[in-house]
Amino acid sequence: MKYTFVIAGLLLGTMACQNDQSEAIKAAESEVFKLHDEVMPLTMNEIPKLQKALRSRISTLDSLTNRQPSEQVRNDETKEEISRINRSLSQANESMDVWMSQYNGDTLTKISGDEALRYLADQKEKITDVNKQVNESIKQARQYLGAQ
């Protein structure tokens with residue numbers, strides 16, 4: 001009888017630990033998706049809008065005729081700057097696509113709780129980097145377009 005209480009106590013303790021770990025996993029996954037949900041609309045809406053505006057600027061520069069050589073050099077430099085900013089936006093967008101294709105939330109149910117928490121910490125770090133890259137490229141594009 002005494003052993004039954006000990007075993008029951010151990011089982012209850014184990015279940016409580018598993019429940020705590022399950023809650024920690026849910027909280028960590030929620031943090032990852034909060035970051036995802038912040039950056040996703042930017043990659044779907046803001047980046048394409050900014051890229052369109054940048055392409056329009058290049059088209060305007062291309063349509064200018066009868067330029068002096070110094071103007072042509074300035075236009076070429078401006079087009080290169082616009083292209084650099086546009087590449088930055090494309091790379092940020094691509095980094096989001098890569099993160100999304102590599103994230104595997106189904107894995108969480110197939111691995112131990114500790115492994116799941118490590119996986120989510122790694123994913124949080126990755127999506128944070130994506131978030132920074134997206135926001136920085138958008139900031140550069142907005143600054144450029146606002147300065148013109």
Side-chain angles (χ1 to χ4, degrees), residues 9-148:
L10 289 173
L11 285 174
L12 287 174
T14 301
M15 289 172 45
C17 288
Q18 287 175 343
N19 191 34
D20 288 346
Q21 199 165 47
S22 176
E23 292 299 317
I25 291 168
K26 286 178 186 176
E29 188 174 31
S30 177
E31 288 177 29
V32 168
F33 276 99
K34 181 180 176 195
L35 289 166
H36 166 273
D37 293 346
E38 287 175 16
V39 75
M40 189 65 182
L42 298 174
T43 62
M44 297 296 293
N45 302 317
E46 190 68 17
I47 286 179
K49 183 174 78 172
L50 291 168
Q51 288 178 312
K52 182 178 179 182
L54 292 169
R55 284 191 302 274
S56 175
R57 294 285 169 98
I58 288 178
S59 293
T60 301
L61 291 172
D62 286 342
S63 68
L64 298 175
T65 58
N66 298 327
R67 291 171 276 193
Q68 299 294 324
S70 63
E71 287 180 82
Q72 182 62 42
V73 169
R74 256 194 319 274
N75 285 346
D76 290 344
E77 289 171 351
T78 300
K79 285 173 25 179
E80 179 55 38
E81 181 180 5
I82 293 170
S83 294
R84 181 188 54 75
I85 294 168
N86 199 19
R87 280 191 306 273
S88 176
L89 289 167
S90 293
Q91 290 168 346
N93 197 33
E94 176 68 19
S95 68
M96 181 61 172
D97 290 343
V98 167
W99 179 83
M100 286 176 37
S101 70
Q102 292 178 352
Y103 180 80
N104 190 357
D106 295 340
T107 301
L108 299 176
T109 60
K110 299 173 185 169
I111 57 179
S112 73
D114 289 338
E115 290 173 311
L117 290 171
R118 281 192 296 277
Y119 177 78
L120 289 166
D122 181 57
Q123 292 304 307
K124 182 179 178 184
E125 185 177 317
K126 288 178 180 178
I127 193 66
T128 297
D129 290 343
V130 169
N131 196 330
K132 287 177 187 175
Q133 186 179 4
V134 166
N135 283 304
E136 183 58 34
S137 66
I138 287 173
K139 178 182 171 187
Q140 290 173 359
R142 285 179 180 163
Q143 284 176 340
Y144 177 81
L145 292 167
Q148 301 301 307

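In this structure Glu77 satisfies the side chain to side chain donor-acceptor pair (under 3.5 Å) test with no other residue, sequence neighbours excluded. When the side-chain contact (heavy atoms from CB on, under 4.5 Å) test is applied to Gln91, the partners found at least two apart in sequence or on another chain are Gln133. For the side chain to side chain donor-acceptor pair (under 3.5 Å) test, no residue two or more places apart in sequence or in another chain qualifies with Asp129. In this structure Asp122 satisfies the side-chain contact (heavy atoms from CB on, under 4.5 Å) test together with Lys126, sequence neighbours excluded. With sequence neighbours left out, Lys139 forms a side-chain contact (heavy atoms from CB on, under 4.5 Å) with Glu136, Gln143. Shown here are the salt bridge (charged side-chain N to carboxylate O under 4.0 Å, His left out) partners of Arg87, two or more places apart in sequence or in another chain: Glu80. A search for side chain to side chain donor-acceptor pair (under 3.5 Å) contacts involving Ser90 returns Gln51, not counting sequence neighbours. Under the side-chain contact (heavy atoms from CB on, under 4.5 Å) criterion, Glu46 pairs with Leu42, Lys49, Leu50, Ile138, Arg142, not counting sequence neighbours.
The shortest non-hydrogen separation linking Ile82 to Leu54 is CG2-O, 3.6 Å. Of all heavy-atom pairs between Ala141 and Leu89, the closest is CB-CD1, 3.9 Å. The two residues Thr78 and Leu61 have their closest heavy-atom pair at CG2-CD1, 3.6 Å. Scanning both residues, Val39 and Met96, for their nearest heavy atoms gives CG1-CE, 3.4 Å. The two residues Lys79 and Ile58 come nearest to each other via the heavy atoms O-CD1, 4.3 Å.
A distance of 11.5 Å separates OG in Ser59 from NZ in Lys52, rounded to the nearest 0.5 Å. The distance from atom CD1 of Ile127 to atom CD of Glu38, rounded to the nearest 0.5 Å, is 9.5 Å. With rounding to the nearest 0.5 Å, the separation of CE in Met100 from CE in Met40 is 4.0 Å. Atom CG in Leu108 sits 9.0 Å away from atom CD in Gln123 (nearest 0.5 Å).
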Just list the side-chain donor-acceptor pairs under 3.5 Å for residues 26-37, sequence neighbours left out, or say none.
| residue | atom | partner | partner atom | Å |
| --- | --- | --- | --- | --- |
| Glu29 | OE2 | Tyr103 | OH | 3.3 |
| Glu31 | OE1 | Lys124 | NZ | 2.6 |

Atom pairs and distances, donor-acceptor, side-chain atoms in residues 112-119, under 3.5 Å, two or more places apart:
| residue | atom | partner | partner atom | Å |
| --- | --- | --- | --- | --- |
| Ser112 | OG | Glu115 | N | 3.2 |
| Ser112 | OG | Glu115 | OE1 | 3.2 |
| Asp114 | OD1 | Gln21 | NE2 | 2.7 |
| Glu115 | OE1 | Ser112 | N | 3.0 |
| Tyr119 | OH | Asn104 | N | 2.7 |

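Within the structure, no pair that satisfies the salt bridge (charged side-chain N to carboxylate O under 4.0 Å, His left out) test touches residues 95-110, not counting sequence neighbours.
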